[in-house]
Amino acid sequence: MDNKFPGKDISQEDLKNKFPLVAKKNKLHKSKFTVSGIEFGGNILPIFAGPNMVESRELILDIAKNVKRIGAHFLRGGAFKPLTFPYRSKKYNETREEGINWLKEAKKKYKIPIITEVMEEKFIPLVSEVADILQIGSRNMQNYPLLTACAKTMKPIMIKRHYGSSLRDWLGAAEYILYEGNKKVILCERGVSVPHTHRSTSRFLLDLQVIAAAKEVTHLPIVSDPSHATFWRPWVEPMALASVAAGADGVMLEVHPDPKNSAVDPLQPIDYKEFSSIIKKMDTIARNIFKKKIL
Ligand code: PEP
Ligand code: MN
């Protein structure tokens, strides 16, 4: 169906002049690129799995071993974390440089590539030493100097959508990265903030519709993060499966061996058993509907 105004808030003029590099050149235009041997936009749906925070050396080594064994393509986890409140305790504290070193060890030992967040320009060289993909967190989606500086490293970049941003603003942020000549850009939907009544503890609503909307206008791969979106473990499986069915090009999942004792957001991680079950179901959907695979 031809749509003169694809996307809710996007015009033909935007596609031509505001984000020409992000915009599809024709209906079949889709970016394909490889990161550490794993292809995005191709026949595999990459899965990123790991804890919210790189809490300790033991934890990250155990998670790396297990998510790799179960079928994840990338290990996720933040050493530098945008924590919502400034108060810290021994348990609730970023591990920063130390955490980056533990990620390095996990990557080497279990041969699993890493995606981790970079929050400040001054830490780009340090984070880039271990990250196969630099993650721009939702809160920094419109931190344009950070986007430009990350883009200049020519490392693959995943840009999480801010929970209050339109598709138009999100694509504008992605354009900043492509503008520097860096073509390995991944979009990640992680839930939007809307008034809703499902449950007082669920802070966000997974915008599944944006997967279809983004695909109308951009060639970039789009990953879904149902963990941050639902903030509630029992809802992660249905939303992960729905993401694959909706056409997501990959899924990010928070996985922790002891979810209730996760240092950050203990309501949302799934354990190894659940991860194993969900990844098999996502693989079934990918194979049957799209002739793609995860495992
Ligand atoms: C994360 O993925 O660790 C994270 C902090 O996500 P977001 O930026 O989407 O809140
Ligand atoms: Mn988080």
Side-chain angles (χ1 to χ4, degrees), residues 46-55 59-60 63-64 67 72-86 88 92-96 99-100 102-103 106 113-120 123 127 130-143 146-147 150 156-165 167 169-170 173-174 185-194 201-208 210-211 214 222-233 235-236 239-240 243 248 250-256 259 262-270 275:
I47 303 299
F48 310 89
N52 188 309
M53 181 153 88
V54 180
E55 292 173 36
L59 180 95
I60 202 67
I63 296 180
V67 297
H73 304 90
F74 289 85
L75 175 66
R76 66 140 282 141
F80 293 92
K81 290 287 309 167
L83 298 168
T84 308
F85 305 103
R88 301 290 187 265
Y92 187 78
N93 205 357
E94 299 168 88
T95 51
R96 301 172 74 88
I100 294 290
W102 297 331
L103 282 171
I114 305 285
I115 175 164
T116 193
E117 178 160 354
V118 58
M119 289 175 56
E120 292 173 78
F123 291 117
V127 175
V130 68
D132 297 84
I133 303 175
L134 294 172
Q135 176 170 319
I136 303 284
S138 54
R139 290 155 185 87
N140 268 318
M141 187 198 90
Q142 290 179 307
N143 182 341
L146 181 67
L147 294 175
C150 285
I157 295 175
M158 186 173 88
I159 176 161
K160 296 191 91 174
R161 179 188 183 189
H162 186 270
Y163 35 86
S165 108
L167 175 58
D169 286 358
W170 191 18
V185 179
I186 302 156
L187 301 168
C188 177
E189 157 60 24
R190 47 80 71 218
V192 290
S193 193
V194 291
T201 51
S202 98
R203 296 191 292 180
F204 306 109
L205 185 74
L206 183 64
D207 184 5
L208 280 174
V210 87
I211 298 172
I222 174 161
V223 162
S224 172
D225 172 358
S227 303
H228 278 85
T230 60
F231 199 61
W232 182 235
R233 185 179 175 190
W235 296 353
V236 171
M239 290 303 103
S243 298
V251 177
M252 174 174 259
L253 290 168
E254 259 179 38
V255 178
H256 193 287
S262 168
V264 183
D265 297 343
L267 299 177
Q268 79 196 24
I270 51 173
F275 178 50

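Read the numbers this way: they start at 1 and go in the same order the structure lists the ligands and their atoms.
Aromatic pair F204/F231: centroids not less than 6.0 angstrom apart.
Every side-chain hydrogen bond (donor to acceptor under 3.5 Å, both in side chains) that S243 has, sequence neighbours left out, goes to S224. For N140, the side chain to side chain contact (heavy atoms under 4.5 Å, CB included) partners are M119, I136, N143, L146, not counting sequence neighbours.
Looking at S138 next to ligand 1, an N or O pair under 3.5 Å apart turns up. Backbone and side-chain nitrogen or oxygen atoms of R139 are examined, and one is located within less than 3.5 angstrom of a nitrogen or oxygen of ligand 1. Checked by distance only, ligand 1 and Q135 come closer than 3.5 Å through their nitrogen or oxygen atoms.
For ligand 1, the atoms lying closer than 4.0 Å to a non-hydrogen atom of G137 are 8 (O). Heavy-atom proximity to R190, at under 4.0 Å, picks out these atoms of ligand 1: 7 (P), 9 (O), 10 (O). Counting atoms of ligand 1 from 1 in the listed order, those under 4.0 Å from a heavy atom of E117 are 5 (C).
The shell of residues lying under 4.0 angstrom from ligand 1, judged by heavy atoms, includes K81. Heavy atoms of M53 stay at 4.0 angstrom or farther from ligand 1. Contact analysis leaves E254 out of contact with ligand 1, as no non-hydrogen atom separation drops below 4.0 angstrom.
Residues I100 and F123 form no side-chain contact, since every pair of their non-hydrogen atoms from C-beta on lies 4.5 Å or further apart. Side-chain atoms of R139 and K160, non-hydrogen and from C-beta on, never get closer than 4.5 Å to each other.
Between I133 and the options T116, I114, I115, a side-chain contact (heavy atoms from CB on, under 4.5 Å) holds for only I115.
Salt-bridge formation is not detected for the pair D169/R161: no Lys NZ or Arg NE/NH1/NH2 atom is positioned less than 4.0 Å from an Asp or Glu carboxylate oxygen.
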